[in-house]
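To find a chain, count down the sequence lines: A is the first, B the second, and so on, and within it residues start at 1.
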Amino acid sequence: MMALIDVNSMYCSCEEAFRPDLRGRPVVVLSNNDGALVAINRAAKALGLKRGEPYFRCRPLLEKNNVAVFSSNYTLYASFSARFAAVVESLAPRTFVYSIDELFADASHMSQVMSPEAFGRQLRTEVQRQTTLTCGVGVSLNKTLAKLCNHAAKTWPATRGVVALSDPDRLKKLMSLVGAGDVWGVGHRTEKGLAGMGITTALGLAQMDIRLARRLYGVTLERTIRELRGEVCFALEEGAGAKQQLVVSRSFGGRVTQLEEMQQAVTRYATRAGEKLRQEKRWARVVSVFIRSSAYETQGVPYGNQATEVLTLPTQDTRDLIQAAQTGLARIWRDGVRYAKAGVMLADLQDRETQLDLFTPPSLRRGSESLMATLDKINRDGRSRVFFAGEGIDPAYAMRRDLLSPAYTTRWKDIPAAFLR
DNA sequence: TCTGGGGTCCTAGGACCC
DNA sequence: TCTGGGGTCCTAGGACCC
């Protein structure tokens, strides 16, 4: 048995945790740059607000209904996420963190001690008690079915947040009530194609001819169908291995039109990528940089491009990353474009520096390791006290986050005070 | 004026090899 | 007149996830 535990409207719930005055009020959280809505609580959902909607477009509606609006406070959410995971891990033998707001837990051994239903309810109660977060729990025979049960737990209030099902007939009943597009692994494209063949429910998908599914949509959909039928195709730790690539990208607060400003942004992103790389204890050999105008560009020329640099030796040194990224940028930069976004990607990640062969010159960066370690130590708290001048000072490309809440759980001066009388 | 960021996996097609 | 078969590796792009 497998359980999926998933926090309801995670970002909103984190914002509400230290703000009892928000209880019952509609709350939304914006994406980076205050661009679009990424999280919506129950009361805001009732107003018809949708995930992905641009902020500027629904702003009048938000103001009219006195909706509490927040910029993304990732530090806060990551802190809550760690506490959430710790609670579940204290109750479940094997867990796998799937994302910031959900994790899978092996529930097979629990049957000795309690029913899957009771197990789910215990998880839910403890998470709420220790973190204030409300979560939904689905328990079933594999990941896809656990997801399906979780979907049911969130959709139907009568379930009180927990659905545990393994009986084939009851699973069938559930699948007949859930849309094919709500199945984990079925996206927009596939949902549309399936509908064209008259398959609109999860049950319809479960009964689809497997060879046809594989031919039309590939092996992934085949596995999904098999799981709906009760087979196990996705292991608990699926996707847990070392990262294949690492990306740092941001939309700009405004539009970037000057090369120098773009160079600063790319330096910043390469620096951040280096920090993440060293945190993961990996070395990178391939550095790519991309720049592009907005997908919604109406005034200027649409343009986007990417350049890839392959280093002779894998590196962990921010200076190498910046240099490679700048070389790439010089190749793809075009004047007269209103750039909206840029990013730096690291690939061909390796576990340690490759050994030099006879013909490779030794590294030119003496003392690189200790220099980077020192930088990381100084900048440990996330504020860049020491940085490369190429980043620029008080840059114009910086992201907009006008409605940021305090870092309640991670910064001393932001810890809320409670007064007793 | 204003539309997120960070990932994974799979597939098709081209280059190249014997 | 005729021009194989089988393989690997890499890349780009699509689909999906949260």
Side-chain angles (χ1 to χ4, degrees), chain A residues 4-11 28-39 50-60 62 69 71-74 77-78 81 96-104 143-144 147 150-151 181-194 213-224 233-234 237-255 269 272-273 276 280 286 288 290 292-300 304-308 310 338 340-349 399-403:
Chain A
L4 175 69
I5 307 103
D6 164 303
V7 179
N8 300 343
S9 322
M10 167 87 172
Y11 293 1
V28 300
V29 176
L30 305 176
S31 64
N32 273 347
N33 244 337
D34 295 345
L37 308 192
V38 287
K50 295 228 165 57
R51 219 189 105 90
E53 228 173 307
Y55 177 42
F56 75 90
R57 201 178 289 158
C58 56
R59 206 165 163 174
L62 296 171
V69 184
S71 301
S72 275
N73 184 345
Y74 193 79
Y77 313 148
S81 179
F96 172 63
V97 176
Y98 181 68
S99 76
I100 191 160
D101 72 338
E102 68 191 271
L103 49 80
F104 287 103
K143 283 185 161 181
T144 304
K147 271 270 190 186
N150 181 278
H151 175 81
D182 292 325
V183 174
W184 189 43
V186 178
H188 243 88
R189 274 309 261 277
T190 310
E191 180 183 20
K192 229 173 160 181
L194 292 174
R214 181 174 188 136
R215 192 155 54 77
L216 294 179
Y217 298 101
V219 67
T220 317
L221 192 71
E222 174 182 345
R223 290 188 192 133
T224 297
C233 302
F234 303 112
E237 303 89 353
E238 201 93 354
K243 274 194 173 66
Q244 307 296 308
Q245 61 172 31
L246 193 161
V247 183
V248 176
S249 72
R250 295 280 183 283
S251 295
F252 304 127
R255 294 292 182 248
Y269 302 162
R272 185 73 195 98
K276 286 165 86 172
E280 303 260 334
V286 171
S288 302
F290 73 85
R292 62 169 175 78
S293 53
S294 164
Y296 308 92
E297 182 68 55
T298 49
Q299 313 177 19
N305 210 341
Q306 172 173 352
T308 299
V310 180
R338 301 173 67 245
K341 184 175 180 176
V344 171
M345 291 187 277
L346 307 183
D348 195 357
L349 304 185
M399 144 169 112
R400 246 199 344 263
R401 17 151 63 170
D402 298 333
L403 305 160

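For A:Arg255, a side-chain nitrogen or oxygen approaches OP1 or OP2 of B:dT3 to under 4.0 Å. Applying the 4.0 Å criterion to OP1 and OP2 of B:dG4, one finds that A:Ser72 has every side-chain N and O outside that range. Note on A:Ser249: a side-chain N or O is less than 4.0 Å away from OP1 or OP2 of B:dG6.
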Item checked: Audit row: A:Asp34, A:Ser71, side chain to side chain donor-acceptor pair (under 3.5 Å) steps and yes/no -> CA-CA 6 Å; A:Asp34 295 345; A:Ser71 301; 2.7 Å; yes
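Among the protein residues, A:Arg223 comes within range of the sugar-phosphate backbone only, with heavy atoms under 4.0 Å from sugar or phosphate atoms but none that close to a base. Contact annotation for A:Glu53: no contact, since no heavy-atom pair falls under 4.0 Å across all strands. Within 4.0 Å (heavy atoms only), A:Val97 reaches no atom of the nucleic acid at all.
One finds a salt bridge joining A:Glu102 and A:Lys147 here, because a Lys/Arg side-chain nitrogen approaches an Asp/Glu carboxylate oxygen to under 4.0 Å.
Checked against a 6.0 Å centroid threshold, the rings of A:Phe104 and A:Phe96 do not count as neighbours.
Comparing C:dC18 with B:dT3, their P atoms sit 25 Å apart, to the nearest whole Å.
If you take CG of A:Asn32 and C1' of B:dT3, they are 13 Å apart, rounded to a whole angstrom. Atoms CD (A:Glu222) and P (B:dC10) sit 12 Å apart, rounded to a whole Å.
No donor-acceptor pair under 3.5 Å is formed between the side chain of A:Arg292 and the backbone N or O of A:Lys341.
Searching all strands for a Watson-Crick or G-U wobble partner of C:dC10 with both distances below 3.5 Å returns B:dG13.
Of all nucleotides listed (B:dG7, B:dC2, B:dG4), B:dC2 comes nearest to the side chain of A:Phe56.
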